[in-house]
K.L.:
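Handing you a structure now.
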Amino acid sequence: MAEVFKDSIFLILLSKELGKEQAKGYKTAIESGGGEALIYPTSKRIDFDDGVTHIISLTSDFPQYAEAQDYYVPVVTPSWITQSLMKGKQATYRPYTPDPTLFFSNVVICCGDIPSGDKDAIIGAVLALGGMETSSMTRLTTHICALTMDHPVCKAVQDKKLKTKIVLPHWFDDCLKLGKRIEETPYLLPDPEIFRKHREEDVPIPDSDHMAGATSSVPTNLNLQVPMDSPALRRLTIFADKAVMISNDLNMSSRIRTIIESLIEGGGGTMTTSIQKANMYVCHYRHGRDYVIASRAGIDVGNLSWLYYLITHNEWTSPFRRLMHYPLPKEPLPGFERLKITLSNYGGDARVYLENLVRAAGAEFTKNMKEENTHLITARNTSEKCEAAKEWDIEMVNHLWIEESYAKCKAQKLSDPRYTHFPPRTNLGEVIGQTQFDEETLAQIYFPRDPTPSPDDPELLKRPPMHEKDQNRAISKASDEDIQMADMSDEEPKKVEKGSSVKPKKALPKTKARTSTDSVSTPAPSRRISLDKENNTPSSTNSRSAKDKALNKLHGLAPDIALYEKEKKRKGAVWGGERAANKIEKERSLERSSSPAAQSEEEEEYSADDQPKPKRSKISAPTLPPAEIRLLITGYKKWIEKPEREEKDRRKLRELGILVVQDPTSCTHLAAPSMVRTKKFLCALASGPTIVSAGFIDHCIEHGEIPHAADYPLGDTTNEKKFKLKLKDALVRAKANRRCLLKGISAVYCTAEIPNGTDTYRDIVTANGGTFLIFRGRGVPTIKPTKPEEDDGPAEPVYLLSGDRPEEKKIWSKFTEMAEAGNMIPRIVKTEWLLDVAMSQELKWNDVYLATSR
């Protein structure tokens, strides 16, 4: 066998999924390929300077995953070993990564009968998210993307009864829209559920193991293998050589605290009351000096739920991995202060988890939904609460909104389509609990700077500093002669020995702000100045002794200095050498150039009572009035090709309390020069807004006040005669329809080649509550075949929007066959039908709309 893994050193990390016996098997396989393998428990620290080249793990949830990336050490699943041995060379890393963000990492796709544009888009997405693509069917292929079973590849899978999944392109589309990988079952050919069943039919509520032990920040019980009052508590290894500090804000009973301390100490750990000595810090809130010090030092900071998880599973997990394992914010997150949120279509642990997440964010949770509710979080958009939310104009989102808002420490914008996307036959509870914290955001908000330690504080136990690997030497185990180049700027100050005459300096009281001249002036000498001497020479007491000590120290550092100068000149892409040296020099120059005033202000960031003192107040920006009017503007001629004037006028309107919006479904007012059949006008009309003329905008801008809307009605008798309707009557019908004009129609189909594109008609149909589908004349019929005697009532019409191009006319007969097979009346219509229906807000019919009448 070829030495595939020659000169490679592997670390196999044990976990709940990867046991010792399996690890031994992988170790044997690696050694057969010429490599060296070591088996490590997850809690054991990895020394990357020992020449580690690969890490084998089924999860990215181990302490040094980020550090491995910094060292460019690939982390791959065990499948990579098998594939490398089969190929006779090391396989690509990306498809075998355990990184959860690359959710297509174990997908190998082969495309069948789909359009070339869709094929390129799907393949590109799969490759970007960790998957692979093959042009033909192979043993490694996991998914085939196709519209029908007619393709030879699909027939081969069916005939040979292979386990390869044949999915519709819709599956990839829904996964990409959500940013999560959902189950393929509803999209599997030859009988996909998304076409076979209606959206409203029930979908089982799935189970999710991502929330195990993390549904609440305060667990109700501690799952031990022996009674909690038993002295023979089981031995844990997760706390070996760890110092754990438990905050007083947890309000634990003395009995529970005693049991936890016994478990930690019985497993080789210690308890401490000093944050400077701790390796783990457990607290309830993201608040206080100890929390800030621990977070900035890189110590693991979690809440009681996280500690219980470690004890129960005896396995390390990052407190950032699960949202309910990290301390809670003490104040409501921005944007959640006045929200009332309820849930729908979630059950079991998922519901408990979301309830606690809503409360942790600072919003009010209600079990029942009322009109005063602001948000509905739902796993599907079909339920009684969902229908009521549409009628009461309550925001309806999936759980990704609350999870990502909590992870990013502020309410996210509802305009993100990921939060309002609901796959037709999927309960999104299957992807709950996969969101992780944004560590950079936490650092910026909750611990932006190191608090100044008091003089009596002992030295802080930091994680060992990272050292850059020497890429020029051969890969081997590190010897005693290996030299590490440490960052000289990170040297810690020497401790003050006992009996020393040096005393800790007292904190100086804050004085009034100095002028810029004072901050750069030469400081006055601290000693007394002789009045009879013009020039003062500093005393040289003990100067010779100090010089001798400095000289001896310099001689001792000579080899390190020579090595440092050599490494400074080294070029290359690896961090270190000239780039690292330049950065160090730049940081030092900034430190030297910083003014004493700036340094003093930084040192006094934290006062003696651990409470940050208020900074000087800045001149606040003028507050804008609440947006009482959400105005949608279409066809305003004064802004055409004048973006600067448009921006200026928009600011004036906003200062008056008018917010110019682009979403037709969210506007309260619509301004237009006349009755125009634009997409904006027709989509906004479905909501029944107040419609005004362009003079309303002119008055606001010129006079700086909001006039009565009734003073600027949109009067357009010419177009009313042309469209054979009264705008006033259409508005009355729109308010009665509540954007449900087309809801009673099974679907409005549209040809892919229709003039002006499909997006315009899609928006008009969906704004009026209809279902919009593109008909291409191929693939699985989207209308279920139904015999007349099986139908509940008379045949209903189904519409196809079409132009008169030859490629569109070719599929008319196929649409007719599909509709008639489903006991429906096919109506192939011109776009005039949809425009007239949307403008009049009345579902009407006349044979003149038929495209076949042209």
Side-chain angles (χ1 to χ4, degrees), residues 415 627-654 656-702 706-735 737-739 741-742 755-770 772 831-842:
S415 56
E628 298 178 356
I629 296 178
R630 300 174 65 87
L631 181 64
L632 179 71
I633 301 174
T634 178
Y636 189 53
K637 296 180 180 179
K638 293 185 178 181
W639 288 355
I640 296 176
E641 297 182 357
K642 295 179 181 178
E644 294 181 358
R645 177 172 181 175
E646 178 180 354
E647 183 63 27
K648 182 179 178 181
D649 291 347
R650 280 173 179 264
R651 286 198 296 267
K652 287 183 179 180
L653 293 173
R654 184 63 189 89
L656 296 176
I658 300 175
L659 177 64
V660 179
V661 297
Q662 299 297 323
D663 183 10
T665 61
S666 66
C667 69
T668 60
H669 291 63
L670 170 64
S674 60
M675 289 175 58
V676 289
R677 294 201 303 186
T678 62
K679 181 177 74 171
K680 278 187 177 182
F681 192 97
L682 294 177
C683 291
L685 184 61
S687 303
T690 301
I691 301 181
V692 295
S693 65
F696 178 85
I697 306 173
D698 296 335
H699 186 282
C700 293
I701 295 172
E702 293 174 4
I706 302 176
H708 292 291
D711 296 339
Y712 292 94
L714 180 60
D716 189 358
T717 55
T718 303
N719 281 324
E720 284 183 339
K721 291 179 181 179
K722 177 182 177 181
F723 300 136
K724 297 179 182 179
L725 59 85
K726 292 287 186 181
L727 181 59
K728 183 178 180 181
D729 297 339
L731 281 172
V732 172
R733 288 191 289 267
K735 292 177 180 178
N737 291 333
R738 294 185 176 182
R739 295 176 56 192
L741 174 64
L742 300 177
N756 302 321
T758 59
D759 290 343
T760 298
Y761 305 109
R762 182 196 304 274
D763 292 344
I764 295 173
V765 170
T766 53
N768 286 277
F772 183 88
T831 55
E832 291 293 322
W833 169 78
L834 179 62
L835 300 178
D836 283 354
V837 167
M839 179 66 83
S840 64
Q841 282 296 297
E842 186 178 13

K.L.:
Does Asn719 reach the main-chain N or O of Ser674 with its side chain, forming a donor-acceptor pair under 3.5 Å?
P.N.:
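No; judged by distance alone, with no hydrogens or angles, the pair does not exist.
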K.L.:
Walk me through whether Leu670 and Leu714 qualify under side chain to side chain contact (heavy atoms under 4.5 Å, CB included).
P.N.:
CA-CA 10 Å; Leu670 170 64; Leu714 180 60; over 6 Å; no
K.L.:
To the closest 0.5 Å, what do you measure between CG (Leu835) and OG1 (Thr678)?
P.N.:
10.5 Å
K.L.:
Do Arg630 side-chain atoms and Ser666 backbone N/O form a donor-acceptor pair below 3.5 Å?
P.N.:
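A pair under 3.5 Å: yes.
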K.L.:
Are any of the side-chain heavy atoms of Cys700 and Ile658 separated by less than 4.5 Å?
P.N.:
yes
K.L.:
For Ile629, run the side chain to side chain contact (heavy atoms under 4.5 Å, CB included) check against Thr668, Val660, Leu656 and tell me which one passes.
P.N.:
Thr668
K.L.:
For a quick test of reading the model, state the closest non-hydrogen atom pair linking Tyr636 to Ile640 and the distance between them.
P.N.:
O-CG1, 3.7 Å
K.L.:
Quick test of your reading of the model: are Glu720 and Lys728 salt-bridged, counting only N-O distances below 4.0 Å?
P.N.:
no
K.L.:
Could you walk me through whether Leu653 and Arg650 pass side chain to side chain contact (heavy atoms under 4.5 Å, CB included), step by step?
P.N.:
CA-CA 5 Å; Leu653 293 173; Arg650 280 173 179 264; 5.5 Å; no
K.L.:
Asn756 versus Tyr761: any side-chain heavy-atom pair under 4.5 Å?
P.N.:
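Result yes, sub-4.5 Å side-chain heavy-atom pair found.
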K.L.:
Does the side chain to side chain contact (heavy atoms under 4.5 Å, CB included) test come out yes or no for Val837 and Glu842, once each step is laid out?
P.N.:
CA-CA 6 Å; Val837 167; Glu842 186 178 13; over 6 Å; no
K.L.:
Which atom names give the shortest non-hydrogen contact between Gly635 and Pro673, and what distance separates them?
P.N.:
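Looks like O-CG, 3.2 Å.
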K.L.:
When rounded to the nearest 0.5 angstrom, what distance separates NZ in Lys721 from NZ in Lys726?
P.N.:
8.0 Å
K.L.:
For residues Ser687 and Arg739, report the shortest heavy-atom separation together with the two atoms involved.
P.N.:
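Residues Ser687 and Arg739, closest heavy atoms: OG-CD, 3.5 Å.
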K.L.:
Just wondering, do Leu632 and His669 contact through their side chains at under 4.5 Å, heavy atoms?
P.N.:
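SC-SC contact between His669 and Leu632 ruled out.
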K.L.:
Rounded to the nearest 0.5 Å, what separation is found between the CG atom of Leu682 and the CG atom of Asn768?
P.N.:
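Atom-to-atom, Leu682:CG and Asn768:CG are 8.5 Å apart.
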K.L.:
Check whether any side-chain N or O of Gln841 sits under 3.5 Å from a backbone N or O of Ala838 as a donor-acceptor pair, and report yes or no.
P.N.:
yes
K.L.:
To the nearest 0.5 Å, how far apart are CE in Met839 and CG in Leu834?
P.N.:
11.5 Å
K.L.:
Show the nearest heavy-atom pair for residues Thr634 and Phe681, with the distance to one decimal.
P.N.:
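Shortest heavy-atom separation between Thr634 and Phe681 comes out as CG2-CD1, 4.4 Å.
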K.L.:
For Arg677, does the CZ atom have more than 12 heavy-atom neighbours from other residues, nucleotides or ligands under 6.0 Å away?
P.N.:
yes
K.L.:
Can you check salt bridge (charged side-chain N to carboxylate O under 4.0 Å, His left out) on Lys642 and Glu646, steps first, answer last?
P.N.:
CA-CA 6 Å; Lys642 295 179 181 178; Glu646 178 180 354; over 6 Å; no
K.L.:
Where do Ala767 and Ala686 come nearest, in terms of heavy atoms and distance?
P.N.:
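It is O-CB, 3.5 Å.
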K.L.:
Evaluate the criterion side chain to side chain contact (heavy atoms under 4.5 Å, CB included) for residue pair Leu731 and Leu685; output intermediate values, then yes/no.
P.N.:
CA-CA 7 Å; Leu731 281 172; Leu685 184 61; 3.6 Å; yes
K.L.:
Heavy atoms, side chains only, cut-off 4.5 Å: are Thr831 and Thr760 in contact?
P.N.:
no
K.L.:
Could you go step by step and tell me if Asp649 and Lys638 meet the salt bridge (charged side-chain N to carboxylate O under 4.0 Å, His left out) rule?
P.N.:
CA-CA 10 Å; Asp649 291 347; Lys638 293 185 178 181; over 6 Å; no
K.L.:
Measure across Asp716 and Met675 and return the closest heavy-atom pair with its distance rounded to 0.1 Å.
P.N.:
OD2-N, 2.9 Å
K.L.:
Answer yes or no: is there an ion pair linking Lys648 with Glu644, defined by an N-O contact shorter than 4.0 Å?
P.N.:
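Salt bridge absent between Lys648 and Glu644.
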K.L.:
Relative to each other, are the rings of Tyr712 and Phe696 parallel, tilted or perpendicular (30° and 60° limits)?
P.N.:
perpendicular
